[in-house]
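All remarks here apply to the structure that follows.
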Number of protein chains: 2
Amino acid sequence: MDKFDKKILQLLQQDCTPAVSEIAKQVGLSTTPCWRRIQALEKSGVIKGRVAIADPEKLNVGLTVFVTIKTNQHNPQWLNDFRKVANDFKEIVEFYRMSGEVDYLLRVVVPDMKAYDTFYRKLITRANFSDISSSFAMEEIKYTTALPVEYT
Amino acid sequence: MDKFDKKILQLLQQDCTPAVSEIAKQVGLSTTPCWRRIQALEKSGVIKGRVAIADPEKLNVGLTVFVTIKTNQHNPQWLNDFRKVANDFKEIVEFYRMSGEVDYLLRVVVPDMKAYDTFYRKLITRANFSDISSSFAMEEIKYTTALPVEYT
DNA sequence: GTTGAAAGTGTTCGGGG
DNA sequence: CCCCGAACACTTTCAAC
């Protein structure tokens, strides 16, 4: 990936609405090669897709909760089940298997504490955890879907 | 927000490339009213924008690290400075002010442990922390930018 | 890599019911 | 809310440099 591809990616990761001709102008290329590059980035899977970003407040999910989970069932079956559960819960927007102290980390979005409590109760009926702990975000200071292009 | 708006939002949060006519078909509306609804959702700020989603692996930032931070400087000046620092570091993709034990939580994306170490050293020269701790993600099981529409 | 241009498609926004 | 239709812009693909 040369500097043109990087610039294109930076722009599209910020905003994918402008026309190819506009992108081309900003990266210092003419439309045709710029269009070809975008096609290539999509075909090679560097660009996975284009999505609309919604406002959490406006969708009434202004509260972010991080849930750390320990389990005593370290078998693939348990994880597979839990994976399905996580996909069912739309409130779970991120889900990682961790190293170290904690086994799993979830990011959950809900309207408020009360709604989180409801979510929490539903969650623990769907899977067995040996230990589960919740941390609440008071403020979202930065959130971006744009990944750095510096490491390529 | 009625069921049409919710359906439109669900679709666009998954994929914003299809034409309005296609969206309209899927929600059971004709093009014009569907287009007007999308306009309204954008104007009211429910839809904040449209972005391209890049593949972390392909951009060589396959390692996610969660960094928990405690500070002893609980003044707005310190936070404001740190806010700027976080914006400078492209590796920091999420940044929350937390309640409870830990003061701040970062999600950081880097190529590998070595790169994380480099990032870490740079970070601690830019701000003072009383305590900082890193947890590594072994696997990203779920990551979505689509927020639930059920709470509106 | 560049330009220019043609054809097809989608968007946008009138008009009607 | 629906449909129709007509500008208009953008995408996509040429051929030629």
Side-chain angles (χ1 to χ4, degrees), chain A residues 1-60 90 144-152, chain B residues 1-60 90 144-152:
Chain A
M1 264 207 335
D2 62 8
K3 64 165 190 162
F4 289 115
D5 284 335
K6 288 186 187 178
K7 197 78 199 295
I8 290 169
L9 259 178
Q10 277 183 340
L11 292 171
L12 290 182
Q13 281 192 111
Q14 295 295 333
D15 182 6
C16 69
T17 49
V20 179
S21 55
E22 178 58 31
I23 302 288
K25 198 190 295 172
Q26 294 200 31
V27 302
L29 236 52
S30 67
T31 310
T32 309
C34 185
W35 177 82
R36 268 198 275 259
R37 281 164 183 273
I38 294 171
Q39 294 299 310
L41 288 169
E42 251 150 18
K43 193 175 169 193
S44 67
V46 177
I47 293 175
K48 290 205 296 184
R50 293 151 185 258
V51 300
I53 301 295
D55 185 331
E57 302 287 345
K58 299 262 164 68
L59 282 185
N60 194 29
K90 298 283 176 276
T144 180
T145 55
L147 303 174
V149 297
E150 348 275 31
Y151 289 109
T152 52
Chain B
M1 263 209 333
D2 62 9
K3 64 165 188 160
F4 289 116
D5 284 335
K6 287 185 186 178
K7 197 77 200 296
I8 290 170
L9 259 178
Q10 277 182 341
L11 291 172
L12 291 182
Q13 280 193 111
Q14 295 295 334
D15 184 5
C16 69
T17 49
V20 178
S21 54
E22 179 57 32
I23 303 289
K25 197 189 297 172
Q26 294 202 30
V27 302
L29 240 52
S30 70
T31 310
T32 310
C34 184
W35 177 81
R36 270 199 267 262
R37 281 165 183 272
I38 295 172
Q39 294 299 310
L41 288 169
E42 250 151 20
K43 193 175 170 192
S44 68
V46 177
I47 292 175
K48 290 206 295 184
R50 292 150 185 258
V51 300
I53 300 296
D55 185 330
E57 301 288 345
K58 299 263 165 70
L59 281 185
N60 193 29
K90 299 280 175 277
T144 179
T145 55
L147 303 174
V149 297
E150 349 273 42
Y151 289 109
T152 52

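So that the names make sense, note that chain A is the first sequence line, chain B the second, and so on, each numbered from 1. All values below were derived from every heavy atom in this structure, side-chain atoms included, with hydrogens, water molecules and symmetry-related copies excluded.
- The separation between A/Glu42 atom CD and D/dT11 atom P is 12 Å, rounded to whole Å.
- Remark: P of D/dT12 and NZ of A/Lys43 are 15 Å apart, rounded to the nearest angstrom.
- Rounded to whole angstrom, the span from the NZ atom of B/Lys25 across to the C1' atom of D/dC3 amounts to 16 Å.
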Verdict with reasoning, B/Ile47 to A/Ile53, per side-chain contact (heavy atoms from CB on, under 4.5 Å): CA-CA 6 Å; B/Ile47 292 175; A/Ile53 301 295; over 6 Å; no
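- A heavy atom lying under 4.0 Å from DNA chain C marks none of the residues of residues 10-24 of chain A.
- For C/dC13, neither phosphate oxygen OP1 nor OP2 lies less than 4.0 angstrom from any side-chain nitrogen or oxygen of B/Gln39.
- Using a 4.0 Å cut-off, no side-chain N or O of A/Trp35 falls inside it from OP1 or OP2 of D/dT11.
- Considering only heavy atoms from C-beta on, B/Leu59 comes within 4.5 Å of A/Leu9 through its side chain.
- For the pair B/Thr32 and B/Phe4, both in contact range of DNA chain D, the more 5′-proximal nearest nucleotide belongs to B/Phe4.
- To the nearest 0.5 angstrom, B/Asp2 atom CG is 9.5 Å from B/Thr152 atom OG1.
- A salt bridge links A/Glu42 with A/Arg50: the distance from a Lys NZ or Arg NE/NH1/NH2 to an Asp or Glu carboxylate oxygen falls below 4.0 Å.
- Between B/Asp5 and B/Arg37 there is a salt bridge, since a side-chain N of the basic residue sits under 4.0 Å from a carboxylate O of the acidic one.
- Atom CZ of B/Arg50 is separated from atom P of D/dC10 by 15 Å (rounded to the nearest Å).
- Side chains of A/Glu22 and A/Gln26: a donor on one and an acceptor on the other come within 3.5 Å.
- Across all strands, B/Ser30 comes closer than 4.0 Å only to sugar-phosphate atoms, never to a base (heavy-atom distances).
- For A/Arg36, no side-chain nitrogen or oxygen approaches OP1 or OP2 of D/dT13 to under 4.0 Å.
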